[in-house]
Every structure is written in structure tokens, then in C-alpha cells.
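Note that the structure is predicted; figures quoted are calculated from it, not measured.
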Amino acid sequence: MFIETNRLIIRDLIEQDAEPLLEIKYDKQVMKYHPAFFGENATIDFIKVVISFFQSIKERGIIYDEKYPERGCLSAVCLKDSGVVIGVITFNQHTHVNEWHIGWYFLSRYTGKGYASEAGAAASDYFLKAMPLDYISAGVRDDNPASFRTAQKSGFKLIEKRIGFDYDNPDCNESGYYFQKLNKNKTRA
């Protein structure tokens with residue numbers, strides 16, 4: 001994957017992303033809203049294994065491994081002018097509800113500047129063109145107004161407020177908002 005926006009590059013992971021990904025994992029905002037990102041006690045070695053997994057998928061020329069759709073795709077979001085990794089886009093299938101879900105995690109010092117919305121819009125458009133999907137979903141905790149705005153600015157429509165469905169993670173099993181972005185490229189009956 002390689003997506004270029006006005007200010008960002010969204011690309012496949014490389015080995016050198018391990019340190020920035022560890023920083024993102026332990027960022028205070030990421031820990032507050034999704035402490036299970038990369039697991040509870042992720043280490044640099046574990047993150048290197050994750051990067052290798054996603055590199056192996058890309059080497060096969062596919063977006064995700066069909067054996068593990070719940071692992072999906074993880075992409076680095078970098079500043080276009082410097083190449084600095086400031087966040088990630090996640091894209092994976094929630095197999096228990098058969099939906100593809102997008103997420104965004106950014107270092108706190110880069111929030112409030114529109115980067116997440118820019119990346120969320122570009123990445124969701126990419127996935128909707130690359131895959132035969134009717135829509136992509138996004139879930140936002142009800143105590144995360146910044147992510148709520150990011151979903152809206154990324155082109156997602158609020159569908160409803162609901163109880164979380166990630167039953168393996170009690171921190172994500174709270175009230176939240178459910179969004180969808182429709183595939184405008186797909187013909188509907």
C-alpha cells in the first residue's frame with residue numbers, strides 16, 4: 001500500500017517502524033482509548049514479529065491473509081515532508097459480525113491537526129476501491145469526542161450508539177458509536 005495525500009504518506013510497514021510503533025502503543029491517548037493495541041505488555045521484539053507478519057502478507061501481493069482476516073492490515077502514517085511515523089491505520093475483519101473495520105491511532109503530539117481525518121478518509125477510500133465491500137465500519141468509544149469527529153471528517157456516517165462488541169477486551173466493551181462509510185464505487189441492486 002502506498003497512499004499519498006496533501007500532507008501524509010500511508011504505507012506498508014518496514015523494520016525501522018518498530019520504535020515508532022512501540023511509542024504509539026504506549027502513547028497516553030492510545031493507552032486510554034485502546035490499551036489492548038498490540039497487546040497489554042507489548043515489547044519491541046513482539047512489534048518486530050508483527051511487522052514481519054504484515055510484510056509477509058504484502059510480499060504475497062495481498063491486502064490481508066485470508067486465514068487470519070481478524071489480523072487484517074496495519075499501515076504506517078507518515079508526515080510527507082519528513083517521513084516521520086506519526087500514527088497507524090488498522091483495517092481488519094470483525095469475523096463475529098462479518099464486517100470490515102478501520103481504526104486510527106496517532107501520537108498525542110500530532111492530534112488536533114487533522115492528520116487522522118486525512119489518513120482515515122484516504123485509507124477507507126483505498127480499501128473500498130481495492131475490495132468488494134458494501135461499506136467499512138468504524139467504532140468510537142463514547143468518551144472519545146476527537147475520534148468521533150475524525151470518523152465524521154473521514155466520510156463516515158453515524159449509524160447508532162451501541163454497546164461494544166469486542167468481548168475479548170473489557171476496555172472496548174463499553175458504550176460507543178457505530179459508523180459506516182458506504183462504497184460509492186459499488187453498484188447496488
Can you tell me if [X] uses its side chain to pair, donor with acceptor, with the backbone of [Y] under 3.5 Å?
| X | Y | answer |
| --- | --- | --- |
| S147 | T150 | no |
| N183 | L128 | yes |
| E118 | T5 | no |
| K25 | F37 | yes |
| S75 | D12 | no |
| T90 | L74 | no |

Any side-chain heavy atom of [X] sitting closer than 4.5 Å to one from [Y]?
| X | Y | answer |
| --- | --- | --- |
| I9 | I3 | no |
| M1 | F91 | no |
| C73 | K58 | yes |
| F106 | Y115 | yes |

Output the distance between atom [atom1] ([X]) and atom [atom2] ([Y]), rounded to the nearest 0.5 Å.
| X | Y | atom1 | atom2 | answer |
| --- | --- | --- | --- | --- |
| Y126 | I10 | OH | CD1 | 10.5 Å |
| H34 | N144 | NE2 | CG | 11.5 Å |
| N98 | Q93 | CG | CD | 5.0 Å |
| D134 | L182 | CG | CG | 8.5 Å |
| F38 | I47 | CZ | CD1 | 4.5 Å |
| Y135 | S124 | OH | OG | 14.5 Å |

Minimum heavy-atom distance [X]-[Y], with the two atoms named:
| X | Y | answer |
| --- | --- | --- |
| I102 | G120 | CD1-O, 4.2 Å |
| G72 | I57 | O-CD1, 4.3 Å |
| D27 | S108 | OD2-OG, 2.6 Å |
| K153 | S117 | CB-OG, 3.4 Å |
| P20 | V85 | CB-CB, 3.8 Å |
| A76 | D17 | CB-OD2, 4.0 Å |

Tell me if the [atom1] atom of [X] is crowded by more than 12 foreign heavy atoms within 6.0 Å.
| X | atom1 | result |
| --- | --- | --- |
| N41 | CG | no |
| K113 | NZ | yes |
| E160 | CD | yes |

For K80, the salt bridge (charged side-chain N to carboxylate O under 4.0 Å, His left out) test, sequence neighbours excluded, returns E4
Would you call the rings of F148 and Y177 parallel, tilted or perpendicular, where under 30° means parallel and over 60° means perpendicular?
perpendicular
Would you please indicate yes or no on a ring centroid separation below 6.0 angstrom for Y105 and Y33?
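So the answer is no for these two rings.
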Could you go through E19 and I44, starting from their C-alpha distance and side-chain angles, then the distance that decides it, and tell me whether this counts as side chain to side chain contact (heavy atoms under 4.5 Å, CB included)?
CA-CA 7 Å; E19 287 288 339; I44 193 75; 3.7 Å; yes
State plainly whether one hydrophobic cluster holds both F54 and I14, where clusters connect Ile, Leu, Val, Met, Phe, Trp and Tyr through side-chain heavy atoms under 4.5 angstrom apart.
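Each belongs to a different hydrophobic cluster.
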Residues K181 and D125 bridged, charged N to O under 4.0 Å:
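A salt bridge is present here (some side-chain N lies under 4.0 Å from a carboxylate O).
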